[in-house]
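These numbers were taken from a predicted model, which means no experiment stands behind them.
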Amino acid sequence: MKRVSIVDVAREAGVSVSTVSLVLRQKGKISPATIARVQAAMDALGYVHNVAAANLRANTSNLIGLIVRDFSDSFATKVMASIVQALERQNYMVFLGQPQDEEQALERCLLSFKQQGIAGVIYLSSDNSTSTLPEKLRRCQLPLVVVSQSLPEENCDLVMRDNRQAASLATRYLIERGHRNIAYIGGAENDRIRLQRLLGFRSALSQYGMAFREEFTPACAESTQAASQVTRQLLERNNTVTALLCHSPNAVIGGISGIHQVGRTLGKDVFLTQQVALLGFEDMLHINLTSPSVTYVSSASEETGRQAAGLILRKIGEPDLLPQRITLSGHLVVRESA
């Protein structure tokens with residue numbers, strides 16, 4: 001079967017080949033009626049525009065490489081969905097890579113991006129224990145935007161969440177609700193998100209003339225079992241604790257379990273001594289189906305994705321643009337747990 005060309009479309013629509021080309025590229029001043037006629041001809045003939053070939057001729061690309069290291073990270077998956085939606089609205093498509101390491105696998109991923117004619121790369125960082133980017137990325141010749149939950153010490157185009165602001169906001173809310181013994185549970189000792197949030201936690205306590213107590217900030221492995229254990233131990237040793245800030249979704253689940261294990265309940269009433277308020281740092285739909293639903297500081301994941309998509313397109317359009325650093329603040333979503 002003969003392949004349909006733009007010559008065939010032009011003949012069917014009764015217009016010139018150049019007019020069809022302008023319609024396909026969405027260029028020039030073409031009347032809506034002519035555009036409709038060309039589109040009707042394409043539909044009738046089953047014409048499919050070869051974008052890759054057009055990009056090759058014009059030395060352009062509508063492909064963006066997206067590197068996601070950890071699909072189990074709910075923040076990363078929400079950001080990824082937002083990036084894809086934002087880029088598709090601008091007629092860009094996403095080429096997804098998930099390298100299993102930062103050496104050979106990452107190098108193969110970047111090479112594949114180049115071979116596919118990728119215009120730029122967005123990297124969703126998942127390592128919260130280091131302040132540097134992988135060497136392969138630092139040497140990447142393509143426009144690059146990094147999305148990170150922790151602050152990397154790199155001079156790069158970056159979109160990140162303000163962890164210090166989030167913890168400060170959460171702590172001030174709890175203090176203003178009457179809580180005086182607030183703990184932060186979860187996160188490894190070297191987790192940079194944890195360290196940044198503890199700075200905000202300490203700052204808010206200081207603002208209200210309250211002391212920061214190391215024993216009220218137990219670190220633990222990233223699992224519900226570990227978070228449950230440290231919560232139970234904390235509450236057994238310090239029965240005056242009335243509120244918990246939970247580092248992660250696992251810490252939220254483990255925290256709820258630990259509260260129940262010591263015979264206390266989850267809730268926001270500071271005057272009921274058996275109740276413990278609990279506050280997280282991102283929305284968890286599967287937890288909020290239960291009662292009470294969890295109060296949290298939003299992770300701004302959707303806005304993070306939109307900003308990352310916008311920044312990579314600006315970098316592609318303006319190669320000499322100086323490195324941009326976009327920091328996004330979360331907002332408090334008050335529900336039943338605090």
Side-chain angles (χ1 to χ4, degrees), residues 63-87 92-116 118-163 186-197 221-224 247-251 281-284 299-309 311-312 315 323 325-328:
L63 295 176
I64 302 294
L66 177 59
I67 299 176
V68 183
R69 292 291 307 280
D70 186 4
F71 280 97
S72 66
D73 183 332
S74 59
F75 175 76
T77 55
K78 290 174 185 175
V79 172
M80 177 179 67
S82 178
I83 287 172
V84 171
Q85 291 168 6
L87 289 174
Y92 279 79
M93 298 296 292
V94 169
F95 196 92
L96 186 64
Q98 189 194 16
Q100 297 302 305
D101 61 60
E102 295 180 351
E103 296 298 328
Q104 292 183 349
L106 179 56
E107 186 171 30
R108 287 195 299 271
C109 179
L110 292 171
L111 177 60
S112 178
F113 283 177
K114 282 187 176 181
Q115 291 171 338
Q116 297 298 327
I118 293 295
V121 177
I122 300 176
Y123 176 70
L124 269 61
S125 173
S126 61
D127 187 351
N128 299 321
S129 63
T130 180
S131 61
T132 59
L133 289 175
E135 178 64 26
K136 308 296 183 187
L137 277 176
R138 288 209 299 272
R139 293 194 282 107
C140 179
Q141 299 298 308
L142 294 167
L144 171 69
V145 169
V146 176
V147 176
S148 176
Q149 293 196 68
S150 59
L151 180 64
E153 296 170 0
E154 300 278 355
N155 185 31
C156 62
D157 289 278
L158 174 70
V159 182
M160 67 168 293
R161 63 194 296 192
D162 191 337
N163 293 299
E189 290 283 1
N190 65 340
D191 187 300
R192 291 174 62 80
I193 296 176
R194 169 186 162 86
L195 296 175
Q196 290 161 18
R197 287 193 186 141
E222 187 54 40
S223 72
T224 57
H247 176 79
S248 65
N250 281 335
F281 288 96
E282 60 183 278
D283 192 9
M284 299 171 60
S299 61
S301 54
E302 291 186 6
E303 183 61 21
T304 298
R306 286 192 289 268
Q307 291 289 341
L311 184 52
I312 192 64
K315 290 295 294 182
R325 181 160 293 201
I326 300 171
T327 304
L328 299 173

Checklist entry - If every non-hydrogen atom of S112 is compared with every non-hydrogen atom of F95, which pair is closest and at what distance? => result OG-CE2, 3.9 Å

Item to check | E222 CD: over 12 foreign heavy atoms closer than 6.0 Å | outcome: yes

Next on the checklist: Any side-chain to backbone donor/acceptor pair from R194 onto H247? Under 3.5 Å, distance only.
Outcome noted: no

Checklist entry - Say you draw a straight line from CD of Q307 to CD1 of I326; how long is it, rounded to the nearest 0.5 Å? => result 4.5 Å

Next on the checklist: With a 4.5 Å cut-off on side-chain heavy atoms, are C156 and L144 touching?
Outcome noted: no

Checklist entry - Is the Lys NZ or Arg CZ of R161 less than 6.0 Å from the centre of F281's six-membered ring, within 45° of the axis? => result no

Checklist entry - Side chains of C140 and F113: closer than 4.5 Å at any heavy-atom pair? => result no

Checklist entry - Is N163 reaching over with its side chain to a backbone N or O of Q149, donor-acceptor style, under 3.5 angstrom? => result yes

Checklist entry - Do E282 and S301 get their side chains close enough for a donor-acceptor pair, meaning under 3.5 Å? => result no

Checklist entry - Looking only at heavy atoms, what is the nearest atom pair of S148 and L158, with distance? => result CB-CD1, 3.9 Å

Checklist outcome for this item: The reported gap from CD1 in I312 to CG in D157 (rounded to nearest 0.5 angstrom) is 7.5 Å

Checklist entry - Under 3.5 Å, is there a donor-acceptor pair between the side chain of Q141 and the main chain of R139? => result yes

Item to check | Spacing of CD belonging to E302 relative to CD1 belonging to I83, to within rounding of 0.5 Å | outcome: 12.0 Å

Checklist entry - Mind checking whether K78 and M80 have side chains closer than 4.5 Å, heavy atoms only? => result no

Checklist entry - So, does R69 use its side chain to make a donor-acceptor pair with the main chain of L124 at under 3.5 Å? => result no

Checklist entry - Which heavy atom in A308 sits nearest to a heavy atom in V147, and how many Å separate them? => result CB-CG2, 3.7 Å

Next on the checklist: Can you confirm whether Q104 is buried at CD, in the sense that more than 12 heavy atoms of other residues, nucleotides or ligands lie under 6.0 Å from that atom?
Outcome noted: no

Checklist entry - Once you round to the nearest 0.5 Å, how far does CZ of R306 lie from CG of L87? => result 12.5 Å

Checklist entry - Any donor and acceptor pair, going by atom type alone, linking the side chain of R138 with main-chain N or O of L133 inside 3.5 Å? => result yes

Checklist entry - Do V159 and I122 have side-chain heavy atoms sitting under 4.5 Å apart? => result no

Checklist entry - If you look at every heavy atom in Y92 and I64, which pair is closest and at what distance? => result CD2-CG1, 3.8 Å

Item to check | Euclidean distance, Q100 CD relative to L106 CG, rounded to 0.5 Å | outcome: 11.5 Å

Checklist entry - Do L110 and K114 have side chains that get closer than 4.5 Å, going by heavy atoms? => result no

Checklist entry - Rounded to the nearest 0.5 Å, how far does CG of L96 lie from CZ of F71? => result 4.5 Å

Item to check | Heavy-atom pair of closest approach, residues I118 and G65 | outcome: CG2-N, 3.3 Å

Item to check | Least distance between heavy atoms, S299 atom then F75 atom | outcome: O-CE1, 3.5 Å

Checklist entry - Are E103 and E107 close enough that some pair of their side-chain heavy atoms sits under 4.5 Å apart? => result no

